[in-house]
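To start, the structure itself, in structure tokens.
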Amino acid sequence: MSIQSKLAGAVSGLAILVGAAAVQAETLFWSTQARPAEEAQAMRAEVLGGFDGEVDYQPNEDGPWLTRLQAELQADSGSIDLLGSLHGNFSAMNPDDLMDLSDLGVMSASDTFNDLAKLGTDSLQYMPWMQASYIMAANKEALQYLPEGADVNALTYDQLIAWTANVEQATGQKKFGFPAGPKGLKHRFFQGYLYPSYTNGVVRTFASPEAVTAWEKFKELWSHTNPASTNFSFMQEQLLNGDAWIVFDHTSRLAQAFNERPDDFVAFPAPAGPTGRGFMPVLAGVAIPRTAPDAEGAKALVTYLMQPETQIATLRATNFFPVVDVELPDDLPPSVKAAGEAVAKMSGSADANPGLLPAGLGSMGGDFNRVYVDTFERIVLAGQPIEQVLDDQKKQLEKIMTETGAPCWAPDAPSEGACPVE
């Protein structure tokens with residue numbers, strides 16, 4: 001081999017090493033969130049642009065995200081430094097495959113979220129990162145009819161029922177609005193709000209005596225509900241036209257009302273029952289896999305993502321709300337500011353009891369939702385006996401859980417294998 005060839009080979013080898021080092025200098029952020037092109041670009045420019053280091057933000061669908069992660073873990077070597085995903089994806093992982101983040105000196109303002117992020121261990125396996133949820137909203141005209149001593153930011157179901165009754169008595173109209181229409185998110189209310197608040201479960205407790213009480217309470221609430229609610233799907237419309245003064249819905253389905261008439265409406269947390277303030281967070285987190293090539297760089301990025309100013313930038317980029325205490329700036333859209341404050345109060349409340357999104361159901365997710373919708377229609381709309389309906393629907397729920405093998409999710413106690421309907 002000539003000297004020239006040897007020199008060329010050496011230069012080529014050096015270039016490869018330099019190139020590898022350059023790639024290694026970037027922190028690979030492998031995420032299932034902020035996938036749309038506009039959101040991904042906003043993440044790169046507006047959120048991650050202020051980080052003191054290079055970040056390669058790569059959003060992917062759940063399937064490819066998991067496939068690459070599993071391959072790296074199995075090989076015991078990888079290039080992913082930081083993972084971003086929903087709680088459900090992290091809860092399906094072996095906690096030993098994630099690094100302990102307890103010593104970073106940052107965490108969510110919600111003790112509930114921090115407990116979830118421990119994944120059943122004594123350490124923080126992922127860092128709560130951002131959240132979305134469903135909330136309550138009301139026309140300010142309704143506030144004068146609150147029961148004596150009631151705090152709109154800390155209501156109980158009994159107080160909500162009394163409030164709607166007071167409004168009906170004063171106006172002669174049923175002014176509670178519920179998204180019971182064909183495209184309404186009523187199933188999420190039962191799964192994430194009513195059941196956790198009364199039964200401390202969703203699947204295990206489906207047909208329990210506490211569930212009977214929950215449906216009795218909802219029937220009371222329904223007696224003060226606008227009967228046209230079976231046609232309501234986006235509650236912002238009913239707030240704006242006055243068909244409803246007090247409503248429940250997803251933050252995005254209330255936005256128009258707050259943006260058009262911000263001075264007329266107030267947003268507030270969902271009510272609490274005997275087993276806590278049930279609510280359904282869409283909780284995203286960040287974690288460091290044990291195969292991360294630059295764990296220290298990833299930890300620095302996690303710390304950066306949890307800073308108040310970064311959390312606000314993330315809100316602007318993704319419409320997911322902060323998980324740390326922040327003062328929301330005045331230049332945010334009124335809907336974002338109102339919903340953000342309500343979500344923060346709800347997730348940070350001492351009695352917060354999250355009913356997480358169903359996980360592990362695959363193609364049977366729709367069948368699972370149908371169980372709760374059918375239960376509502378039979379008990380509340382058709383007036384059938386509660387115990388009989390729950391016993392009937394329990395069989396459908398058991399079949400779904402057995403066929404999917406899906407383990408329990410919060411607030412149900414963990415299970416080995418399919419979550420049982422007790």
Side-chain angles (χ1 to χ4, degrees), residues 33-43 46-47 86 129-143 152-153 155 160 175-189 191-193 225-226 228-229 231-271 279-284 311-323 326-348 354 357:
Q33 302 303 294
R35 291 197 300 260
E38 290 184 5
E39 286 189 17
Q41 182 53 35
M43 277 292 297
E46 300 166 22
V47 178
L86 296 179
W129 172 30
M130 55 186 188
Q131 61 173 321
S133 195
Y134 305 73
I135 57 171
M136 304 286 295
N139 189 310
K140 290 182 180 178
E141 283 288 316
L143 296 178
V152 74
N153 290 309
L155 289 174
L160 175 62
K175 288 286 194 178
F176 182 69
F178 187 72
K183 296 183 179 179
L185 298 172
K186 50 189 172 291
H187 52 288
R188 296 304 190 209
F189 174 82
Q191 296 163 1
Y193 292 78
T225 298
N226 186 325
S229 286
N231 297 315
F232 296 166
S233 293
F234 289 73
M235 296 312 305
Q236 58 197 8
E237 299 167 7
Q238 281 65 52
L239 280 176
L240 286 168
N241 65 26
D243 284 346
W245 278 7
I246 307 166
V247 303
F248 162 89
D249 214 336
H250 191 279
T251 54
S252 65
R253 295 183 174 211
L254 297 169
Q256 183 183 355
F258 284 94
N259 288 336
E260 287 189 13
R261 288 161 45 194
D263 295 333
D264 291 350
F265 306 112
V266 60
F268 53 97
F279 75 106
M280 180 172 273
V282 182
L283 177 61
Q311 291 265 298
I312 291 173
T314 304
L315 168 60
R316 293 184 189 277
T318 67
N319 288 315
F320 268 68
F321 294 102
V323 296
V326 296
E327 186 71 31
L328 296 179
D330 292 332
D331 63 347
L332 289 172
S335 62
V336 173
K337 189 169 177 61
E341 291 173 352
V343 168
K345 290 172 183 174
M346 189 162 58
S347 63
L357 283 165

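The structure displayed is predicted, hence computed values, not measured ones.
Under the 30°/60° scheme for interplanar angles, the aromatic rings of Phe189 and Phe178 are found to stand perpendicular.
In this structure, CD on Gln41 lies 8.5 Å from CD on Glu46, to the nearest 0.5 angstrom. Taking CG from Leu240 and CD from Glu237, the interatomic distance works out to 8.5 Å, rounded to the nearest 0.5 Å. Rounded to the nearest 0.5 Å, atoms CG (Leu185) and CE (Met235) are 11.5 Å apart. Between the CD atom of Gln236 and the OG1 atom of Thr251 there is a distance of 10.5 Å, given to the nearest 0.5 Å.
Remark: side-chain polar atoms of Tyr193 are paired, donor with acceptor, to backbone N or O of Tyr134 under 3.5 angstrom. A donor-acceptor pair is defined here as one N or O able to donate and one able to accept, closer than 3.5 Å; such a pair exists between the side chain of Ser133 and the backbone of Met280. Using modelled atom types, no side-chain atom of Asn153 and backbone atom of Lys345 make a donor-acceptor pair closer than 3.5 Å. Judged purely by atom type and a 3.5 angstrom limit, Gln131 has no side-chain atom pairing as donor or acceptor with the backbone of Ala284. Judged by distance alone, the side chain of Lys175 and the main-chain N or O of Gly242 form a donor-acceptor pair under 3.5 Å.
Annotation for Ile135 and Ala267: closest pair CD1-CB, 3.8 Å, computed over non-hydrogen atoms. Scanning both residues, Leu155 and Phe268, for their nearest heavy atoms gives CD1-CE1, 3.9 Å. Nearest heavy atoms, Ser233 versus Arg253: O-NH1, 3.1 Å. In this structure, Ala132 and Phe321 approach most closely via the heavy-atom pair CA-CD1, 4.4 Å. In this structure, Ile246 and Ala142 approach most closely via the heavy-atom pair CG1-CB, 4.1 Å. Looking at every heavy atom in both residues, Gln191 comes nearest to Arg188 through OE1-NH1, 2.9 Å.
Within the 4.5 Å cutoff, side-chain heavy atoms of Met136 are placed close to those of Pro271. Side-chain contact between Gln256 and Phe234 is absent, with no heavy-atom pair separated by less than 4.5 Å. Side-chain contact between Leu328 and Val336 is absent, with no heavy-atom pair separated by less than 4.5 Å. In this structure, Arg316 and Asp331 have side chains that are in contact, with non-hydrogen atoms separated by less than 4.5 Å. Taking the side chain as every heavy atom from C-beta outward, Ser252 and Asn319 never approach each other to under 4.5 Å. Within the 4.5 Å cutoff, the side chain of Leu239 has no heavy atoms near those of the Asp264 side chain. When side chains are defined from C-beta on, Phe232 counts as touching Asn226, because their heavy atoms get closer than 4.5 Å.
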**Request:** Could you walk me through whether Gln33 and Thr318 pass the side-chain contact (heavy atoms from CB on, under 4.5 Å) test, one step at a time?
**Result:** CA-CA 9 Å; Gln33 302 303 294; Thr318 67; over 6 Å; no
**Verdict with supporting geometry, Phe320 and Val282, side-chain contact (heavy atoms from CB on, under 4.5 Å)** = CA-CA 9 Å; Phe320 268 68; Val282 182; 4.0 Å; yes
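Counting only residues at least two apart or on different chains, the side chain to side chain donor-acceptor pair (under 3.5 Å) pairs with a member in residues 332-342 are Asn259-Ser335.
Applying the salt bridge (Lys or Arg N to Asp or Glu O under 4.0 Å) criterion to Asp263, with sequence neighbours excluded, gives no partner residue.
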